[in-house]
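Each ligand, and each atom within it, is numbered from 1 in the order the structure gives. The analysis underlying the following values was restricted to heavy atoms, covering all of them including side chains, and did not include hydrogens, waters or symmetry mates. Owing to the predicted nature of the structure, the values given are computational and were not obtained by experimental measurement.
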Amino acid sequence: MASKFRYASRMQTMHEEAMYMRGLFDNMTDPNMRSFGGGAPARSVLPMNYVEKYAAEVLSDAGRGFEAFQYSATFGLQDLREAVCKHLLKPTGIEAGPENVQIVSGGLETMYLVCQLFIEPGDVILTENPTFMHVTDTFKMAQAEVISCECDDEGIIPEDVERKIMQYDAKIVYTVPTFGNPTGRSLSVERRKKLAEIGSKYNVIILEDDPYRDVRYEGEVLPAIYSFDTTGNVIMACSFSKIFAPGSRLGYAVATPELIYALRDIKIATNSQPPGVSEVLLAEFFHRGYYEENMEKMTALYKEGRDAMMETMDKFFPEGFKRTTPDGGYYIWVEFPKSVSTAELKKRAEEHKFTFLSGGAWYPNAMPEENDNTARFNFTTQPVEIIKEGIELIGKIACELAEGK
Ligand SMILES: Cc1ncc(COP(=O)(O)O)c(C=O)c1O
């Protein structure tokens, strides 16, 4: 970065990742691009139709409107924290009260707050491999060293986590255990239990980033790692972006009251409170029963998208390709034969105004070229017809590349 300014050294370490994320967000907002790249909800299940029924009424109400527009509670609105416990945590087996919940400004903020709380420059954070690319920005901004652990179809491998905790004196283990980003895979129950035990045994923080846990189309609900924690070492990070609206910029952290107080203090020093207008609109969405109603629509729609994408991939992708079969969430992860460069595939697909994410950059400790045959495909944003058209086209280009054309 040639500049006269004396930028902080952290800007050097996060520069590359930031560049990648910028490109991704630009693609998501390009109206001409039909993207399987981002992690956006479908337009038809964004909550406009519900919110318009009550927004004017609640925002002009003397009490509720005041809560929305005035500086508000630093932990987040009390009734929203109660709604989180009632509508999201209890139904999936998590015993927690509002004292365990901090509302944050977007799901990613929990990772930022946790870094502020625990990370000194050079401290090690262990992750999956591949891992959620965006979060490594946050970790690098805290000047953490990110080391990835071995993974298989059941998720991160606890024995490797344990080995690396000892080797690097790691402070945090970061995982996206349910319908993970980018792979769509879920961590098995046994390994969830094991990670909670590892957190206790080595006194490390298990950072359970679980924004997709409620977006399930089939299969049994998996217990959170948090529910196996007996020593307060697990912090859950969740988001309302995937189940309400990314534009609300709301998420929540779940932890022991001691850690919630500490996270709250850091949030006060960061941006004081969550956005009040969003909080009120979201709390009312829960109180009026719209959350469950919209989730039903959302999961039915996304299942159709997932099924259409998997079927079309199976029909048109080159021989020898592999993909995940997620029971929920937003993504399918694909491994093409080594001869297919997804950087090239993406470039050619974009000439037809379709895009997706090449996977190489999602491996924290490898050069992107090493995993250039991998890719992440989102199936929640585009309608089924576009999914079929785009995946067929991408498949045909991939076959050409596989044949060396
Ligand atoms: C694993 C994971 N964590 C956190 C987030 C961030 O959520 P938010 O958009 O609410 O900041 C995302 C968003 O895609 C995600 O996939």
Side-chain angles (χ1 to χ4, degrees), residues 17-18 20-25 27-29 35-42 46-47 76 80 84 88 101-115 125 127-139 141 146 148 151 155-156 172-187 206-215 222 224-226 235-254 263 267 270-271 274-275 278-279 282 302 324 326 328-333 356-357 359 361-362 364 376-381:
E17 267 100 320
Y20 187 87
M21 289 313 300
R22 236 185 289 132
L24 176 59
F25 282 119
N27 255 343
M28 279 166 78
T29 48
S35 178
F36 308 120
L46 287 174
L80 177 57
V84 165
L88 302 178
V101 176
Q102 168 71 50
I103 305 295
V104 293
S105 308
L108 206 56
E109 191 177 47
T110 299
M111 271 52 83
Y112 175 81
L113 300 177
V114 168
C115 283
I125 300 180
T127 69
E128 282 143 355
N129 195 38
T131 187
F132 175 41
M133 161 80 184
H134 196 168
V135 90
T136 54
D137 255 13
T138 310
F139 294 160
M141 205 164 69
V146 177
S148 58
C151 294
I156 198 163
I172 294 175
V173 179
Y174 170 81
T175 170
V176 186
T178 319
F179 319 132
N181 187 358
T183 64
R185 289 192 187 108
S186 294
L187 189 67
I206 307 295
L207 183 49
E208 178 177 25
D209 186 11
D210 219 3
Y212 302 98
R213 61 194 304 270
D214 300 303
V215 191
L222 293 166
I225 304 171
Y226 182 86
I235 299 176
M236 261 182 100
C238 294
S239 168
F240 293 108
S241 295
K242 314 299 174 184
I243 59 173
F244 178 63
S248 69
R249 293 289 75 220
L250 286 173
Y252 62 99
V254 186
L263 294 171
K267 183 157 175 61
T270 307
N271 50 24
S278 289
E279 281 189 289
L282 174 60
Y302 292 173
T324 52
Y330 274 48
Y331 314 107
I332 295 172
W333 183 250
F356 62 91
L357 286 187
W362 296 66
R376 189 193 79 175
F377 289 86
N378 162 278
F379 52 79
T380 64
T381 313

- request: Give a yes or no answer on whether the side chain of Gln102 reaches the backbone of Leu263 with a donor-acceptor pair at less than 3.5 Å.
  value: no
- request: Could you establish whether Pro211 and ligand 1 come within less than 4.0 Å of each other, counting only heavy atoms on the residue side?
  value: yes
- prompt: Less than 3.5 Å between some nitrogen or oxygen of Tyr212 and one of ligand 1, yes or no?
  reply: yes
message: Check for me whether Lys242 has a heavy atom closer than 4.0 Å to any atom of ligand 1.
response: yes
message: Quick one, Arg376 with Thr183, criterion side chain to side chain donor-acceptor pair (under 3.5 Å). Give me CA distance, side-chain angles, the key distance, then yes/no.
response: CA-CA 7 Å; Arg376 189 193 79 175; Thr183 64; over 6 Å; no
field: Which atom of Ser239 lies closest to which atom of Gly107, heavy atoms considered
entry: CB-CA, 3.8 Å
- request: With heavy atoms of Asn181 as the reference, note each atom of ligand 1 found under 4.0 Å away.
  value: 1 (C), 15 (C), 16 (O)
- prompt: Got the closest protein heavy atom to atom 1 (C) of ligand 1, with its distance?
  reply: Asp209 OD2, 3.3 Å
- prompt: Could an N or O of ligand 1 be found under 3.5 Å from any N or O of Val176, whether backbone or side chain?
  reply: no
task: Would you mind telling me if ligand 1 is within reach of the side chain of Arg249, the backbone, both or neither, using heavy atoms under 4.0 Å?
output: side chain
query: Which heavy atom of the protein is the closest neighbour of atom 7 (O) of ligand 1, given with residue, atom name and distance?
result: Ser239 OG, 3.6 Å
task: Looking only at protein heavy atoms, identify the closest one to atom 6 (C) of ligand 1 and say how far it is in Å.
output: Leu108 N, 3.8 Å
- prompt: What's the shortest distance from atom 15 (C) of ligand 1 to any protein heavy atom, and which residue and atom give it?
  reply: Phe132 CZ, 3.4 Å
Numbering as shown, the atoms of ligand 1 that approach Ser241 to under 4.0 Å (heavy-atom distance): 8 (P), 9 (O), 10 (O)
task: Salt-bridge test for Glu109 and Lys267: reply yes if a basic N is under 4.0 Å from a carboxylate O, no otherwise.
output: yes
task: Indicate, with yes or no, if the rings of Tyr330 and Tyr212 have centres closer together than 6.0 Å.
output: yes
- prompt: Hey, what's the ring geometry for Phe36 with Phe377, parallel, tilted or perpendicular (30° and 60° as the breaks)?
  reply: tilted
- request: State, to 0.1 Å, how close Glu279 and Ile103 come at their nearest heavy-atom pair, and which atoms those are.
  value: OE2-CG2, 3.8 Å
query: Donor-acceptor pair, Asn378 side chain versus Thr381 backbone, under 3.5 Å?
result: yes
- line: Of all heavy-atom pairs linking Tyr331 and Pro326, the shortest is O-CG, 3.3 Å
- request: May I ask whether Phe240 places a heavy atom under 4.0 Å from ligand 1?
  value: no
query: Mind checking whether Gly106 has a heavy atom under 4.0 Å from ligand 1?
result: yes
query: Quick one: does Leu250 get an N or O within less than 3.5 Å of an N or O on ligand 1?
result: no
